[in-house]
Asks: 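Here it is, the structure, as structure tokens.
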Amino acid sequence: MMIQLRFDVKSIRKPTLARTIIETGVLLNIIKAGVEARRGEIIIEVDDKRAEEVMRKFREYGVDTSKIERVVEKDDELCVHCGACLSVCPVEVFTMSEERKVAAEPKKCTRCGVCIDVCPFSALSLPG
Amino acid sequence: MKTVDDINRKIERGDVNVVTAIEMKEIISELGTDKASEEVDVVTTGTFGAMCSSGAFLNFGHADPPIKMKRVWLNDVEAYTGIAAVDAYLGATQLSESISNYGGAHVLEDLIRGKEIQLKADGYVTDCYPRKEIATEIGLEDLNQATMVNPRNSYQRYNAAANSSGRALHTYMSALLPNLGNVTYAGVGSLSPLNNDPEYRTIGIGTRIFLGGAKGYVMGEGTQHSPPFGTLMVKGDLKEMSTEWIRAAFFPGYGSTLFVGIGAAIPILDAEMAKATGIRDEEIVVNIIDFGVQRRDKPVVRKANYAELKSGKIEINGEEVRVSPLSSYYNAKKIAEELVGMVKTGEFLLSAPVGKIPQKAVTKSLRHGVKEVKSVMCNAIIISGDTSIQEASRLMVENNATHLPVTGEGDVLLGIVTSWDIAKVVANGENGDVSKIMTKKVVTSMPGETVDIVAKKMEQYGISALPVIDSKRVIGLITSEEVSKALMEARK
Ligand code: SF4
Ligand code: SF4
């Protein structure tokens with residue numbers, strides 16, 4: 001599962017990420033990280049079963065957490081399987097099948113938004 | 001040896017053997033070309049991709065009192081009217097003046113979908129055409145004729161695209177990520193019509209084709225036809241087309257375009273034709289062009305064949321880069337399969353071309369008077385990194401220069417110092433070497449670049465001079481002064 005972490009001016013200065021990993025023993029996969037002097041936003045991927053525990057820990061350290069549930073949606077009525085989206089998604093949500101149809105695996109999506117404007121048929125959207 | 005007539009008789013008798021180009025490759029590797037040419041009568045092909053050079057002639061019929069349309073808009077997309085009173089040509093890439101992400105292609109798709117379109121026209125008043133303007137709604141069935149005529153469709157093959165520059169580009173080849181981050185290509189390789197008949201023996205003037213779901217015809221070679229980058233000019237009746245095979249698209253930063261589905265049924269007249277339809281993706285080679293260089297003649301990153309491109313990953317400078325097709329192979333295959341059915345049932349008879357399209361042609365470019373950097377650049381006053389700020393300011397005054405490129409060994413560019421940089425340090429009472437104050441990320445130009453591109457760079461980065469680099473060496477400087485002079489001359 002993907003979790004979005006928002007750090008404020010206090011939590012960004014502490015080794016919160018490392019502490020959480022050590023204390024929970026959960027392996028985190030960092031999908032995207034943007035850290036500035038006064039705030040930060042990191043998207044991590046964790047095992048679904050441990051997500052609640054990890055989020056609780058982060059909240060203890062003053063980090064705002066939210067699950068990323070609304071991910072990219074592909075409208076199969078509009079999609080013509082042109083594949084323009086294939087090479088632009090940073091986490092390879094889109095794949096080409098054997099019969100050369102384009103499929104999306106939205107679970108991986110980090111909501112970066114890059115693909116939305118790339119689809120020439122407006123078949124992709126990020127709801128919510 | 002078979003003739004097109006022989007094959008049509010077989011179609012009528014219901015004992016024709018039709019296969020897709022995909023199946024034909026397998027049949028040939030199994031039976032060989034001689035045997036395959038005896039077995040197979042027709043090979044179907046297909047393609048489905050962006051074809052910008054598309055549009056339709058529309059005849060609106062006469063109103064009462066009648067109007068001679070001087071300018072006409074459909075959903076605020078302007079169509080060309082210099083053809084009699086109520087005829088217009090609507091081009092796919094013309095953009096709507098009021099609806100965003102909408103263009104001529106979308107009007108065509110909406111017409112086929114059965115939607116009503118807003119028609120607005122200004123009249124040129126004459127004694128026979130007294131009306132000044134008209135505004136109404138029309139649908140496809142209201143039009144006398146809606147004839148799709150596409151000047152350049154069905155590219156045999158097309159160069160792929162990448163981008164070595166530092167920023168993402170939005171092009172007709174879709175989004176190109178910076179630093180060669182991805183590759184895009186168009187066309188469906190060995191399934192596409194012209195690749196299966198590279199000598200244009202069976203596809204020529206008058207050949208019946210599948211066009212947007214309807215029966216269409218080849219009018220001749222398309223514009224910019226340049227074998228093996230062959231193209232076709234085609235026509236068909238919009239009223240018989242389907243939105244399954246005609247789809248409007250929008251490439252952000254480029255504009256609207258039309259995805260067109262085209263298929264050809266190729267008669268296997270002899271072993272030669274069988275051999276031609278056996279073509280494989282590996283044999284169809286194109287260049288991957290660097291769109292990061294904003295010139296007509298863009299440098300080649302590397303060559304690649306369609307098998308490599310279709311694999312989805314390609315190696316560039318030792319790194320694996322992801323590849324996006326822009327044409328839909330899935331839909332192209334569906335067209336080829338649909339054509340198999342249409343030929344088998346006798347719905348689609350073959351036609352021999354009444355004239356040939358040229359096997360040789362070159363595409364010329366538009367001449368224009370814009371000069372290249374090398375013919376207008378000035379001498380650069382080059383300094384080394386350990387030049388003192390004092391010395392640099394003296395050189396500026398002496399040479400009446402505002403920009404000094406800083407170079408290292410072999411005149412390789414390290415940075416640039418401007419009079420503004422100097423003014424700042426002097427104001428702060430600092431001193432030292434120029435290496436301390438120079439700008440290290442320098443926007444540069446090349447000797448072969450045209451000055452209009454330099455002007456664009458100047459505007460984009462808010463700068464007034466660029467060092468000119470030739471194989472890493474600084475060979476000159478181009479400033480806004482030379483650029484504006486050259487652009488003024490070009491305009492004259
Ligand atoms: S929004 Fe970003 S991560 Fe999600 S599918 Fe699109 S490109 Fe991939
Ligand atoms: S870019 Fe759009 S139309 Fe093309 S394959 Fe992706 S989702 Fe489908």
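Letters go in sequence order (proteins before strands), and every chain restarts at 1. Just so it is clear, the model here is predicted, and its values are computed rather than measured.
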Asks: Is a side-chain donor or acceptor of A/Thr16 paired with a backbone partner of A/Ser11 at a separation under 3.5 angstrom?
Replies: yes

Asks: When the ring planes of B/His106 and B/Phe250 are compared, do they come out parallel, tilted or perpendicular, using 30° and 60° as the limits?
Replies: tilted

Asks: Taking atom CG of B/Asn317 as the centre, report whether more than 12 heavy atoms of other residues, nucleotides or ligands fall under 6.0 Å from it.
Replies: no

Asks: Can any side-chain N or O of A/Arg100 pair as donor or acceptor with the backbone N or O of B/Lys310 at less than 3.5 Å?
Replies: yes

Asks: Using the ring centroid of each side chain, check whether B/Tyr158 and B/Tyr155 are separated by less than 6.0 Å.
Replies: yes

Asks: Identify the residues of residues 318-334 of chain B whose heavy atoms come closer than 4.5 Å to a heavy atom of chain A, ordered by number, or report 'none'.
Replies: B/Arg322, B/Val323, B/Ser324, B/Pro325, B/Leu326, B/Ser327, B/Ser328, B/Tyr329, B/Tyr330, B/Asn331

Asks: Any idea which of A/Cys85, A/Ser87, A/Ser97, A/Gly83 has the most non-hydrogen atom pairs under 4.5 angstrom with chain B?
Replies: A/Ser87

Asks: Which atoms of B/Phe259 are under 4.5 Å from chain A, going by heavy atoms: the side chain, the backbone, both sets, or neither?
Replies: side chain

Asks: Between the main-chain N or O of B/Ser174 and the side-chain N or O of B/Thr171, is there a donor-acceptor pair closer than 3.5 Å?
Replies: yes

Asks: Under 3.5 Å, side chain of A/Asp47 to main-chain N/O of A/Arg50, donor-acceptor pair present?
Replies: no

Asks: Chain A heavy atoms under 4.5 Å from B/Ala248: which part of the residue, side chain, backbone, both or neither?
Replies: backbone

